[in-house]
Amino acid sequence: MTLTLYNTLTRRQEPFIPFEPGQVRMYCCGVTVYDYCHLGHARSYIIWDILRRYLQWRGYAVRYVQNFTDIDDKILNRARQEGSSMEEVADRYTQAYFEDMARLNVLEADAYPRATHTLDGIKRLISQLEQKGFAYPAGGDVYYKVREFTNYGKLSGRQLAEMQAGASGRVEAEDPEELKKQDPFDFALWKAAKPGEPSWESPWGAGRPGWHIECSAMVREVLGETIDIHVGGADLIFPHHENEIAQSEAVTGQALAKYWLHNGMVAVNGEKMSKSLGNFTTIRQLLDQGGVDPMALRLFVLQANYRKPLDFTDEAIASAENGWTTLKDGLRFGYEYGSKLGWDLDSGAIVPESDALIAQFGFGRLGSGRFGSGRFGVGDFAREIAPEFDPVVAQFQTAMDDDLNTPSALAVLFELAKELRRQGNIWVHEGKLDMDSQQLHHQWVALRELGKVLGLEVNPEADNSTPEPGGLSDQEIESLIQDRLAARQGKNFAEADRIRNQLQELGITLIDKPGGVTQWHRN
């Protein structure tokens with residue numbers, strides 16, 4: 001089986017072949033840190049987290065880099081509004097980014113370069129562009145000569161005749177700086193200092209970098225002149241990624257990236273998300289005020305093709321929450337019943353092409369997530385479960401190899417989870433299973449490990465006595481059951497029924513067994 005990905009550059013789905021066998025260099029355009037992350041950010045960073053996880057599961061050593069834009073007009077405007085500084089605003093929202101992503105189980109990148117930490121590389125790249133005739137100074141600014149780069153537009157498919165002036169995306173058309181340009185299509189590489197704004201010395205005078213040059217310099221400094229995969233939202237294709245290509249390739253003469261991947265945008269009830277429409281929703285608003293489980297939000301994102309638009313509605317998130325309940329029940333099965341069934345909960349590696357991985361790496365692994373290391377111990381559990389031996393895992397891999405077809409991959413997980421949940425109900429009601437315990441263990445391991453590839457995990461360390469929000473702990477349930485038993489023994493059947501109904505309303509089902517024994521389970 002071969003992994004294929006849709007390449008925006010070639011406009012087709014292609015087999016993934018990295019420059020170096022077994023090694024992947026991957027860059028993701030990060031956030032401009034002036035506000036809390038919103039639903040669009042959640043979709044983008046969850047999707048690229050999945051790509052990274054899947055590449056690692058497939059046995060690649062992935063170096064994943066994601067930048068922070070920490071100097072920008074929006075940051076400066078926020079600082080003015082708050083009476084603070086650019087650094088304070090950037091640091092606060094950078095920390096908020098990490099907090100939000102940790103809740104969504106997005107693994108941390110291997111490096112987080114910042115624009116303000118890459119100024120030497122930015123100035124060096126601008127100087128090289130100037131020396132090669134692709135840039136020119138003008139009144140303290142420096143601009144890129146778009147018409148000098150003959151392949152301009154190859155990523156977006158746009159022709160210069162179709163493009164609007166001010167293509168930098170960060171300079172208003174009525175700005176006086178526009179008059180400095182030799183051509184309206186040219187965009188800023190360096191901006192002259194303005195009164196009251198942060199600035200840095202340069203060969204062209206005090207100023208700060210343009211937006212696009214920052215990513216070109218950060219990619220080059222951290223990953224090299226050519227990388228395997230460059231990812232981001234579809235809104236970045238033009239002008240940001242188009243300009244990155246023009247800047248980098250004009251200097252190096254090499255492709256900036258072999259594969260360009262872009263995720264679709266998020267709408268809210270069919271409308272573009274924006275503050276002016278009042279439908280702008282941050283991740284923490286949704287999780288804290290809306291009470292949405294982070295894993296349900298992650299599942300919501302994965303239920304659609306990553307390249308298609310995603311519409312956020314109350315019905316869609318409710319469906320995702322129901323789906324997560326099913327997966328969660330299946331994932332919890334082993335932790336709740338495994339010890340009673342004599343299972344070794346630590347065993348069971350599930351990897352593709354296990355023999356090749358053992359020979360090449362000794363093991364495959366995922367980076368640390370919110371619920372554990374995520375390691376797949378291939379060396380310890382050789383040939384345990386792999387596509388060539390397990391049709392379920394093969395079905396999962398076939399789906400993911402098809403340009404990260406997460407909806408089809410999720411269907412595999414749901415089938416496993418539904419059977420595990422059914423067996424859990426049978427165990428609660430009858431105290432036994434109706435299928436072989438080892439076969440069930442095999443299915444649970446498959447669900448647990450394939451769930452890790454999608455970042456859908458439960459915390460095995462969680463205290464089962466901790467109540468759900470607004471619910472009861474295990475001890476409180478047991479106490480009410482004892483109260484009900486005492487009421488029945490005292491022939492106070494009305495009180496006994498009241499307690500049963502109370503528990504039923506809270507999602508607790510009681511099963512009375514012979515001999516006065518009462519079992520219970522959460523619905």
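The figures here come from the full heavy-atom set of this structure, side chains too, leaving out hydrogens, waters and symmetry mates. Bear in mind that the values here come from a model prediction, so they are computed numbers and not experimental data. Position 1 is the first residue of the sequence; numbering continues from there.
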Query raised in the report: Does the side-chain contact (heavy atoms from CB on, under 4.5 Å) test come out yes or no for Q66 and W48, once each step is laid out?
Result: CA-CA 10 Å; Q66 182 178 315; W48 307 131; over 6 Å; no
Carboxylate-amine/guanidinium contact [X] [Y], below 4.0 Å:
{"X": "D141", "Y": "K181", "result": "no"}
{"X": "D91", "Y": "R114", "result": "yes"}
{"X": "D288", "Y": "R103", "result": "yes"}
{"X": "D49", "Y": "R298", "result": "yes"}
{"X": "E148", "Y": "K132", "result": "no"}
{"X": "D183", "Y": "R147", "result": "yes"}

4.5 Å side-chain heavy-atom contact, [X] and [Y]:
{"X": "T69", "Y": "C215", "result": "no"}
{"X": "F68", "Y": "V31", "result": "yes"}
{"X": "F134", "Y": "V251", "result": "no"}
{"X": "L51", "Y": "M26", "result": "yes"}
{"X": "P113", "Y": "E221", "result": "no"}
{"X": "W190", "Y": "Y143", "result": "no"}
{"X": "L297", "Y": "L104", "result": "yes"}
{"X": "V219", "Y": "S248", "result": "no"}

Side-chain donor-acceptor pair present, [X], [Y], cut-off under 3.5 Å:
{"X": "Q397", "Y": "W57", "result": "no"}
{"X": "T313", "Y": "N269", "result": "no"}
{"X": "D228", "Y": "Q23", "result": "no"}
{"X": "H38", "Y": "T282", "result": "no"}
{"X": "H241", "Y": "H262", "result": "yes"}
{"X": "Y306", "Y": "D403", "result": "yes"}
{"X": "E244", "Y": "S216", "result": "no"}
{"X": "T10", "Y": "E14", "result": "yes"}
{"X": "N105", "Y": "E457", "result": "yes"}

**Report entry** Verdict with reasoning, Y27 to N67, per side-chain hydrogen bond (donor to acceptor under 3.5 Å, both in side chains)
**Finding:** CA-CA 8 Å; Y27 182 86; N67 79 295; 3.2 Å; yes
Query raised in the report: Quick one: CD1 on I46 to OG1 on T406, what's the gap to the nearest 0.5 Å?
Result: 11.0 Å
Report summary line: d(L189 CG, I122 CD1) to nearest 0.5 Å is 10.5 Å
I want to know whether [X] and [Y] have ring centres closer than 6.0 Å.
{"X": "Y64", "Y": "Y112", "answer": "no"}
{"X": "F185", "Y": "Y152", "answer": "no"}
{"X": "Y259", "Y": "F16", "answer": "yes"}

Query raised in the report: Is there a side-chain contact (heavy atoms from CB on, under 4.5 Å) between R52 and L107 once you walk through the steps?
Result: CA-CA 9 Å; R52 177 198 190 182; L107 303 176; 3.6 Å; yes
Requested in this report: Evaluate side-chain contact (heavy atoms from CB on, under 4.5 Å) for Y54 paired with L3, printing each intermediate quantity in order.
Outcome: CA-CA 10 Å; Y54 188 64; L3 170 62; 4.0 Å; yes
Query - Passing option when D73 is tested against R78, K194, R208 for salt bridge (Lys or Arg N to Asp or Glu O under 4.0 Å) - result: R208
Requested in this report: Show the numbers, then the answer: is there a side-chain contact (heavy atoms from CB on, under 4.5 Å) between V65 and C28?
Outcome: CA-CA 6 Å; V65 175; C28 176; over 6 Å; no
Requested in this report: Please work out which of the three classes, parallel, tilted or perpendicular, describes the rings of W260 and H230, given edges at 30° and 60°.
Outcome: parallel
Query raised in the report: Would R80 and E197 count as a salt bridge (Lys or Arg N to Asp or Glu O under 4.0 Å) if you check the C-alpha gap in whole Å, the side-chain angles of each, and the deciding distance to 0.1 Å?
Result: CA-CA 10 Å; R80 291 190 196 100; E197 291 187 355; 2.9 Å; yes
Report task. Show your reasoning for whether salt bridge (Lys or Arg N to Asp or Glu O under 4.0 Å) applies to R92 and E82. Result -> CA-CA 12 Å; R92 181 166 70 255; E82 298 179 350; 2.5 Å; yes
